[in-house]
Amino acid sequence: MSYMIKTIDELESIHHGAVKLAGAELGIRSFGMQVLDFPAGFADYPEHDHAEDGQEEVYVVLSGDAEFVVDGDEVTLTRGQMVRVDAGTKRKLYPGNDG
């Protein structure tokens, strides 16, 4: 099939439903893609970078808001905003009051 349609609620998930495997469920072969659904106050998203594998990441806030620490800068994103982070850049995500 040359296309695939799924809703976020249909996606297989891991980590008690917090990470939905969007790329795998849509059959994506050339890049990774997940949906992160964290509750308010979730602080366990690890600070990390992708210097070793060269992967950039794009975060899109679908609902609520989120605080990111990107290379030491605090950045707030609200629903509909997105941020791209270079592979070698440290990042950490903190969900807002609505998760």
So, for [X] and [Y], which heavy atoms are closest and what is the spacing to 0.1 Å?
{"X": "L36", "Y": "V19", "answer": "CD2-CG2, 3.6 Å"}
{"X": "G54", "Y": "A87", "answer": "C-CB, 3.4 Å"}
{"X": "F38", "Y": "P95", "answer": "CB-CG, 3.4 Å"}
{"X": "V75", "Y": "L77", "answer": "CG1-CD1, 3.5 Å"}
{"X": "M33", "Y": "I28", "answer": "SD-CD1, 3.9 Å"}

Against V60, only a single residue in Q81, R79, M82 fulfils side-chain contact (heavy atoms from CB on, under 4.5 Å); can you say which?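 Option passing the side-chain contact (heavy atoms from CB on, under 4.5 Å) with V60: M82.
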
Go through the steps to decide whether V69 and Y94 satisfy the test side-chain contact (heavy atoms from CB on, under 4.5 Å), and finish with yes or no. CA-CA 8 Å; V69 177; Y94 299 92; 4.0 Å; yes

Relative to each other, are the rings of H48 and Y45 parallel, tilted or perpendicular (30° and 60° limits)?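 The rings of H48 and Y45 stand perpendicular, inter-plane angle above 60°.
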
Could you grab the distance from atom [atom1] of [X] to atom [atom2] of [Y], nearest 0.5 Å is fine?
{"X": "F68", "Y": "T76", "atom1": "CZ", "atom2": "OG1", "value": "9.5 Å"}
{"X": "N97", "Y": "E67", "atom1": "CG", "atom2": "CD", "value": "11.0 Å"}
{"X": "D71", "Y": "T89", "atom1": "CG", "atom2": "OG1", "value": "5.0 Å"}
{"X": "S13", "Y": "Q34", "atom1": "OG", "atom2": "CD", "value": "12.0 Å"}
{"X": "E12", "Y": "E25", "atom1": "CD", "atom2": "CD", "value": "5.5 Å"}

[X] and [Y] ion-paired at < 4.0 Å:
{"X": "K90", "Y": "E47", "value": "no"}
{"X": "R84", "Y": "E57", "value": "no"}
{"X": "K20", "Y": "D37", "value": "yes"}

Please assess L11 against L21 for the test side-chain contact (heavy atoms from CB on, under 4.5 Å), listing each intermediate value before the final yes or no. CA-CA 6 Å; L11 302 175; L21 304 175; over 6 Å; no

Is it the case that one hydrophobic cluster holds both [X] and [Y], taking links as side-chain heavy atoms less than 4.5 Å apart, direct or via other members?
{"X": "V85", "Y": "F31", "result": "no"}
{"X": "V35", "Y": "V58", "result": "yes"}
{"X": "M4", "Y": "I8", "result": "no"}

Taking atom types as modelled, is there a side-chain donor on H50 or E56 under 3.5 Å from an acceptor on the other? no

Is the shortest heavy-atom distance from the side chain of R91 to the side chain of Y59 under 4.5 Å?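 Answer yes - side chains close enough.
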
Donor-acceptor pair, side chain of D86 and main chain of G88, under 3.5 angstrom: no

More than 12 heavy atoms of other groups within 6.0 Å of E10 CD: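 Result for CD/E10: enclosed.
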
